[in-house]
Every structure is written in C-alpha cells, then in structure tokens.
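Structure first, then comments.
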Amino acid sequence: MVVSGDVRTPTQRGDNDRHSGARSGSTVADRLGRLADRVTALPAGWCHLAVVASMLLAAVAVFGHLWVDPHGRVLYDNAADYELFEWMLGHTAVAVTNLENPFFAPDLGAPNGVNLMANTSVLLPGVILTPVTLLGSAGLSATLLLTVSLAGTAVAWYFFLLRWVVGTRSAAFVGGLFCGFAPGMVSQATGHLHMSALFLIPLILWVVLRLGEPGRTVRNGIQLGLLAIAQLLTGEEPIFLAALALVAFLACYAVWRWRELRDRLRGALASLALAVAIALLALGYPLWTQFFGPHAYHGVPNEKYPADLGAFVNYPTYSLGGDPATAARFSPNVSEQATFFGWPLLALALVCAIWLWRRVAVRCAVLTGIGFGLLSLGAELQLAGEPLGIPGPWDLVDRLPVFRDVIPLRLGMVLIPVIGILIAASWDRALTVGAAPAGDRPLARLWPAAVVAVLVPLVPLPPAAVGEVPTPRFVSQGEWRGCADEGGTVVAFVDGIRQMTWQRDAGYGFAVHGGYHITRGPDGKGQWGTAPRPTETLIYDAIIRARVPEITEQVRAQAVEDIRYRRADCFVVPLHPNGVLAEPVVTAILGVPPIRTPELWAWDVRGLR
C-alpha cells in the first residue's frame, strides 16, 4: 500500500502540470524545458493521446524490420522461438474458428499430442488476434502483438506513475517510456512474446494498491480476478514474478506502516478471496490441464540462466551504446539481457534512491529491486560467463517446487519498474522544487537533462530480422493431400520448428510427429520435443550423419510398427546433399516408391498401416 504522503492527488497533478514559468537562457535544457511546458499545458485528454501515439510510434520503429514484411520475416536472433509463437497464434485462431480445445494440440507429437497450457501459448492474445491471423497471417499477429506489448506496457506504466507516484505528466512519460522500452523488455521481445506482453501488470498493481479501501471490496475483487485471468492466459511467468515482488514490497512496507496495512487488511483479504474465487472459476480447467491433464509434466528442461555480474554495468546488444561482442560475454543469448542497464543508469538510480529515501513507498521499491537483483544472480555467481564458486541467494530456493522452474535471470526484470519509478519520481521532484517561489530553478533544468543524457545510450535499436525459411510448395500449395488424408500425420524429417511452420502453412491440415515444444518424458519430467521412433532415428542418421544402415527384415518390420504407432500417412525428406543419400535408404526401408518434387521426396505409407 502507498501512504497518503507518497500519493499525488488530482489537484496536485493539475497544479504541477503548469509548474514552470518563463525561463531565461537559451541552453538545450532551457529549450527542452519550454517544449515540455507547452506539451504539459495541453488539456489532459490531448496530452494522454499524444503519449499513447508517441509510444506506439516508438514501438513501430523498434520493430521496423518486421513491419517491412510481417508475413515473411522473423526476428534473426531467436527465430525458432519467434516462429513458435507464430504457430501458437495460428493454432489458437484455428481452435477458435473450429470450436476446438485451445489448451491441447492433438496434432503435435502425434499420436500423443501436446499440452499447450504447459507451454507458452499466449492464448488470450491469440483469441483477440484471431481476425488478424485469419485475414492476414500469424506473422502479422506476432508483429502486432510485439508492437502493442512494448507500447502498451509503456502506456500502462505512464498512467500508473501519474496516479500513484508523480504529479507531472512529463515525469510519468519518461518513467513509462523506460518501463516499456528498457533493455530487458526489448531483449525478451526478440523471442519471448509472453515476457514482453506486460501491459496488464501495472493495472494489477493499481488494483492491489486499492485493496482495503472502504466501499470497494467487491469491485476490487472482481477487477483483480479478471485481470489475473487475463494475465495468466497471456503469460504465467510475469504474474508469478509480479506476485513475488508484491509480497516483498508489502512485507517491507509493513515494517514502517503496519497500522495502515492493518486497517485495510480485512477488506483487502475479502477482495483477494473474491478475486481467487473468480479466477479459479475461469481457470480451473486450464490449470488442471496444465498440471494434471494429458502429458502434464513436472520440471522444465530449461537452462538455469543466472544474471552475470558484468551484465548490470554494460549495455545490451540492441542499444545505441551497446556492443554485440561485449554483450555476448555477459549473457547467454540476445533474448536474455534483462539486467543490462549500464553503469551511468545504476549510478543515477543510486542518487535517486538516496535523494528520495524518505518516501516510504520509494524506499520499499528500492529494497525490493535490490533483493530481486541479487536473486537474479542465480545459485552460483558468475562473471563473463565463468562461475566464481560463490553461492548466490537463489541457491536457497532453487530446488523448491515452482521455483526450480524459474529462470533466475528474469527476476532482474523487477528492476525495470523500480528504476522507472526512481526516474519518474526524481524528475517530478526536480520540477516541483524548481516551480516553488524560492525553488532551485537550475535543478529543474539540469536534472531532466541529466536523466535524458543517461538514458540515451539505452535507446533501443531495431532487432535484426530475416526472411523466414520458405515452406515447400508441396506443403504450402496443398500437394500434400495426395500423400496424406486431412488430419493424417506427416512425418517430415526436418527440425521441430520447421515441422510446425510447415503445418502452419498447410492450414494445420495435418499432424506432425515432433515439434518444438516441451512435453512429458518417460520419468514424468519435461523434455524438449518427442522422442524419435527407431525408424526415424535411422533416417535422421542417414540425412544428418550420412550413415547407411543395413536394411533387414527386422528393420522393415520395425518401420511398419512405427508407422502404425504414429498413424502416419506420409514420410517426407527435403532435398539437400545428404537427402540424396537418404532417398534410397527410405525407399528400401518402406518398400514403396517415392514421390519426387523440386524440393523434396515423399512416400505414401498409408498402405503399410
């Protein structure tokens, strides 16, 4: 909760929005100040509209390389993950139009299927974007989702800061802009759409801060429940991290303002109980599917990426001040640069924290941010990718249920809104002091200029994009129907994500034997993809390792068994150097002649079932 002394009232906001008088001098800071005066003097509605428009334009600029051709381009650095989300958006659109279960994909990992609730399926955005996907493409929906995610997150934080933290629109604008376009946001957006769609988090915090207010018990409970449903169906990891941060913040706040929390506790608990009931009513089946449904698993096979100590003081790959080679030394990949802030911003944040320490809410936010920054270092500290042999604080919870599935590095994303709050609050404080009759006017001019100077090296650069690997005409033009029935399984000997892009470009008309996803392994734990059958292993060895197996009756009998297990209709091998070697191998194993096209060989195996 935020104490009354930490909250700006609407009256204060109106007064402070017109804080500045005439300024003398002609420095850059003066000119910027006069421009800010003119903008903030606009009516509130026009000002808010300008904020939304500017943030949307900024997001379009960041993803400009995708907008050139959203139907045929993918982000270069994490193409597989980006294509996975394209597949998810397309599959959701098909499920919506055909009234199918959106939480499970029977056409992946045939014949078992894949539990989509146990994967990052961005279901709610997929449902909302269904018209865009059907009329345009899954690539257009993915590009639009990325753009709206960064812009929407920035706008949501702008309104949050203006309501709860600051009294000047320019301060809220700068803070919101940082929260939406911080290095961690752009980094996660290069491949993890669920981690960049954070526009609901500030709204959830907004409602949480109103819990316990008289006369709002039911309203707060309903709002919180609906927001929780929406966020869980967009991305579960962000709401889990936000909940952890909220618990830490409120525990800290209780140390200094226990009486205030105590007075609102009964109403807050009643609203929270109502929110949980509403959320469980809507999410009961999806959560049951995730944890107990078909092919549910326990334990994610992800790498336990910790934040590197050197990452905090360096700039990310896609920023004005960034150097890709240096950034690569301190991060596992481009999509996991959540803790790159640069030492000037950390120094500025330290000054802000000392300056604003008397505000209890700011103090607790800072302590929460420091705590999560330490936790992001993982179970063992490392520098430039080298383990130091020093246990990190995350080691205390690393093996607990749920916590063991968290990527520690992403805990550092909690620092983004904390730093955004410090930037906004200090900017607001400088303008407020400068507006006072006996105020420090140089502070009102120079501090915003200093903040801008520190943030300039972090201005994001558009992530690289490349053309997507073309899908063979045999698939995209529907020629596969001569080899497989509608809904039949096509065993394509390409990597898992390519199987899914082929399936997407075929309108999800056939099932695939593998895919790029997490599913239940033999030990009940999560594993990447579906384990290949013996026949598939032989063919993969011929394609990838140029190994020619001895074709025996036992091999042929195993092939028939594997075909029946997969319920396969068609085997497909793409044309490439080792594909020439694989063609006679597959023909000998299956005993049926191939169908040759300019891009691949296909074998109709329906007669072997």
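Between Phe372 and Val418 the shortest side-chain heavy-atom distance does not fall below 4.5 Å. Looking only at side-chain heavy atoms (C-beta outward), Arg210 and Gln223 stay at 4.5 Å or farther from each other. By the 4.5 Å heavy-atom criterion applied to side chains, Leu227 and Trp206 are not counted as neighbours. Side-chain contact check for Leu377 versus Pro306: every heavy-atom pair is 4.5 Å or farther apart.
Looking at Arg359, its side chain does come within 3.5 Å of a backbone N or O of Val165 through a donor-acceptor pair. Panel note: side chain Gln382, backbone Asp308; no donor-acceptor pair is recorded below 3.5 Å. Without hydrogens or angle criteria, Asn314 side chain to Ala327 main chain gives no donor-acceptor distance under 3.5 Å. A donor-acceptor contact shorter than 3.5 Å links the side chain of Ser187 to the backbone of Val334. Of the possible donor and acceptor atoms, none in the side chain of Ser271 sits under 3.5 Å from a partner among the backbone N and O of Ala268.
In this structure, Phe85 and His194 have parallel ring planes: the angle between them is below the 30° cut-off, well short of the 60° mark. Between Tyr158 and Phe173, the ring planes are perpendicular. Angles over 60° get that label, and only those under 30° would be called parallel. Taking the six-membered ring for Trp and thresholds of 30 and 60 degrees, Trp157 and Phe160 have ring planes more than 60 degrees apart, a perpendicular arrangement.
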Original post:
Should Phe330 and Phe340 be marked as a side-chain contact (heavy atoms from CB on, under 4.5 Å) after you check the CA-CA gap, both sets of side-chain angles, and the distance that decides it?
Top reply: CA-CA 9 Å; Phe330 301 104; Phe340 281 71; 3.9 Å; yes
**OP:** Test side-chain contact (heavy atoms from CB on, under 4.5 Å) on Arg163 and Leu209 and set out the steps.
**Re:** CA-CA 11 Å; Arg163 168 61 180 87; Leu209 293 179; over 6 Å; no
Subject >> Worked check of side-chain contact (heavy atoms from CB on, under 4.5 Å) between Leu198 and Met185 >> reply: CA-CA 9 Å; Leu198 304 183; Met185 292 292 295; 3.5 Å; yes
Subject >> Chi angles and distances behind the side-chain contact (heavy atoms from CB on, under 4.5 Å) call for Ile416, Phe341 >> reply: CA-CA 9 Å; Ile416 294 174; Phe341 296 105; 4.2 Å; yes
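No hydrogens or angles considered: a donor-acceptor pair under 3.5 Å links the side chains of Ser426 and Trp447. Looking only at atom types and distance, the side chain of Ser335 has a donor-acceptor partner in the side chain of Asn78 under 3.5 Å away. Neither side chain, Gln337 nor Gln188, offers a donor N or O lying under 3.5 Å from an acceptor on the other. In the model, Thr501 has a side-chain atom that pairs as donor or acceptor with a side-chain atom of Arg498 under 3.5 Å. Using modelled atom types, one finds no donor on one side chain facing an acceptor on the other under 3.5 Å when comparing Tyr82 with Asp77.
For Gly369 against Leu415, the heavy-atom pair with the smallest separation is O-CD2, 3.2 Å. For the pair Ala151 and Ala59, the tightest heavy-atom approach, listed with the atom from each and the gap, is CB-CB, 3.9 Å.
Taking OH of Tyr297 as the reference point, atom CG of Asn115 lies at 7.5 Å (rounded to 0.5 Å).
Residue Trp343 places its CH2 atom among 12 or fewer non-hydrogen atoms of other residues, nucleotides or ligands, all under 6.0 Å distant.
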